[in-house]
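Report on one structure; see the data block that follows.
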Protein chains: 2
Amino acid sequence: MAEMREPTFLILTALAEGRKHGYALIAEASALSGGRVTLKVGTLYAALERLQEQELVAAAGEEVIDGRLRRYYKLTDAGAHELADEVARLERNAQQARRRLHGRGVAIAGAGA
Amino acid sequence: MAEMREPTFLILTALAEGRKHGYALIAEASALSGGRVTLKVGTLYAALERLQEQELVAAAGEEVIDGRLRRYYKLTDAGAHELADEVARLERNAQQARRRLHGRGVAIAGAGA
DNA sequence: CAACAATACTCTGCTCGCCGATATATATCG
DNA sequence: CGATATATATCGGCGAGCAGAGTATTGTTG
């Protein structure tokens, strides 16, 4: 499959932990990225629709909490595999660049354990 | 800086090794990605222009080999640092997703040493 | 030697994911 | 009662990349 963008990647990663509702993913993505990424609502709901079409994510029920509707989503098995492929791609690319930067004497910021 | 796309990342990684001319980067990117990515010429030259504006890449002379012009490019120090930042980002994201997938019992394809 | 592939750079139209902003509705807090 | 937070939805626009065609030269091959 084609390259995955960071917001999409973070949504899938967030859902890998378990069932979550749309809005909650904004906080999740922020946490996952160490506050670097703030999902825009437009991006979020468009991505969820797209990922459902691709069957990487599935609806997982609705609940009304405090009078507010929550739509839940979960990662499908296909979604988990797609995410695993993406992780492999990221790691491979990072490793290649790491080698060359090292050969050039450039240090890479620690991923912080 | 904003998210870097794969073609851009591969161009910078290729140039981290040393001075190269435009067309040669197509083969380099293919090799770096294990044949997965074939840079489109339009993408390549547009990216080189953009990266020069951002001063991540600089022109490194022209040569005529066998009657054909070659424009050479090199990575700037700023480009090397930007690439290092990107590597850190990729590794961090990969690690986060790896944990969650592991917790879900999903295996990740080995990066192949 | 004419046709074709390969090298090398340029340009244009288009798509797709994301951004920025706005809208709607309800609950809570001061 | 007004402001803020939660929660979902929609719309215009942008930028990187894709697809494809174009120009020019050299090397190959039938």
Side-chain angles (χ1 to χ4, degrees), chain A residues 1-15 19-31 33 36-54 56-57 59-73 82-83 86 89 93, chain B residues 1-15 19-31 33 36-54 56-57 59-73 82-83 86 89 93:
Chain A
M1 196 160 282
E3 183 191 2
M4 196 179 290
R5 305 276 236 103
E6 195 168 28
T8 298
F9 178 85
L10 293 172
I11 290 169
L12 295 186
T13 301
L15 290 177
R19 186 181 104 115
K20 298 206 166 64
H21 69 277
Y23 203 79
L25 293 170
I26 295 174
E28 269 288 317
S30 176
S33 66
R36 222 183 54 256
V37 176
T38 302
L39 280 190
K40 306 306 180 290
V41 288
T43 302
L44 172 64
Y45 293 109
L48 285 171
E49 274 223 15
R50 196 181 69 243
L51 292 168
Q52 280 180 94
E53 266 175 49
Q54 297 169 212
L56 303 184
V57 159
E62 305 183 359
E63 286 175 27
V64 176
I65 308 275
D66 290 332
R68 289 188 212 93
L69 177 67
R70 283 183 177 179
R71 289 192 205 284
Y72 283 83
Y73 300 92
E82 204 59 50
L83 182 56
E86 183 68 5
R89 192 181 66 76
N93 281 349
Chain B
M1 197 160 282
E3 185 189 0
M4 197 179 291
R5 305 276 235 101
E6 194 168 29
T8 297
F9 178 85
L10 293 173
I11 289 168
L12 295 187
T13 301
L15 289 177
R19 185 181 105 116
K20 297 206 168 63
H21 69 277
Y23 204 79
L25 293 169
I26 296 174
E28 269 287 317
S30 176
S33 66
R36 222 184 55 256
V37 176
T38 302
L39 281 190
K40 306 307 180 287
V41 287
T43 301
L44 172 64
Y45 292 108
L48 286 171
E49 275 222 15
R50 196 181 71 242
L51 293 168
Q52 281 181 92
E53 265 174 49
Q54 298 170 211
L56 303 184
V57 159
E62 305 184 357
E63 286 174 26
V64 177
I65 307 277
D66 290 331
R68 289 188 211 90
L69 178 66
R70 284 183 178 179
R71 289 193 205 282
Y72 284 83
Y73 300 92
E82 205 60 49
L83 182 57
E86 183 69 5
R89 191 181 67 78
N93 282 349

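The sequence lines fix the lettering, A, B, ..., with proteins before strands; numbering per chain opens at 1.
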side-chain contact (heavy atoms from CB on, under 4.5 Å) between B:L48 and B:L25, worked out:
CA-CA 10 Å; B:L48 286 171; B:L25 293 169; 4.1 Å; yes
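- Here A:R19 pairs with A:E63 under the salt bridge (Lys or Arg N to Asp or Glu O under 4.0 Å) rule; sequence neighbours left out.
- Nearest-nucleotide positions on DNA chain C for A:G67 and B:R70 put B:R70 closer to the 5' end.
- Taking side-chain N and O atoms only, B:Y23 has no distance below 4.0 Å to OP1 or OP2 of C:dC9.
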Please write out the pairs of protein N or O atoms and N or O atoms of nucleotides 11-14 of chain C separated by less than 3.5 Å, giving the distance to one decimal.
none

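- Between B:T38 and A:Y72, the one whose closest nucleotide on DNA chain D sits nearer the 5' end is A:Y72.
- The separation between A:Y45 atom OH and C:dG20 atom P is 18 Å, rounded to whole Å.
- Atom CD1 in A:I26 sits about 12 Å away from atom P in C:dC19, given to the nearest Å.
- In B:E49, the CD atom is not crowded: 12 or fewer heavy atoms of neighbouring residues, nucleotides or ligands sit closer than 6.0 Å.
- Scanning both residues, A:I26 and A:L39, for their nearest heavy atoms gives CG2-O, 4.0 Å.
- The CG-P distance, from A:L39 to C:dA21, rounds to 17 Å in whole Å.
- Rounded to whole Å, atom P of C:dA8 lies 12 Å from atom CG of B:L44.
- Residue contacts for A:R68: at a heavy-atom cut-off of 4.0 Å it reaches a base atom on one of the strands shown.
- When the ring-ring contact (aromatic ring centres under 6.0 Å, His included) test is applied to A:Y45, no partner is found at least two apart in sequence or on another chain.
- In this structure, CD in B:E82 is found 5.5 Å from CG in B:L56, a value given to the nearest 0.5 Å.
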Report the C-alpha distance between B:E62 and B:V64 in whole Å, list the side-chain angles of each, state the deciding distance to 0.1 Å, and finish with yes or no for side-chain contact (heavy atoms from CB on, under 4.5 Å).
CA-CA 7 Å; B:E62 305 184 357; B:V64 177; over 6 Å; no
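- Bracketed by its first and final contacts, the part of DNA chain D lying under 4.0 Å from non-hydrogen atoms of chain B reaches from D:dA16 to D:dG27 in 5' to 3' order.
- In this structure, the side-chain hydrogen bond (donor to acceptor under 3.5 Å, both in side chains) partners of B:R89, at least two apart in sequence or on a different chain, are A:E6, B:E86.
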side-chain contact (heavy atoms from CB on, under 4.5 Å) between B:R50 and B:T8, intermediate numbers included
CA-CA 10 Å; B:R50 196 181 71 242; B:T8 297; 2.7 Å; yes
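- A residue-by-residue look at A:R50 and A:D66 shows that A:R50 has its nearest nucleotide of DNA chain C further toward the 5' end.
- Look at CG on B:L25: it is 13 Å from P on C:dT10, rounded to the nearest Å.
- Contact detail for A:G22 and A:L44: the closest heavy-atom pair is O-CD2, 3.3 Å.
- Spacing between atom CD of B:E63 and atom P of C:dA8 amounts to 11 Å, rounded to whole angstrom units.
- Expressed to the nearest 0.5 Å, how far CD1 of A:I11 lies from OG1 of A:T43 amounts to 8.0 Å.
- For residues 4-12 of chain B, proximity to DNA chain C is found at no residue, defined as any non-hydrogen atom under 4.0 angstrom from a strand atom.
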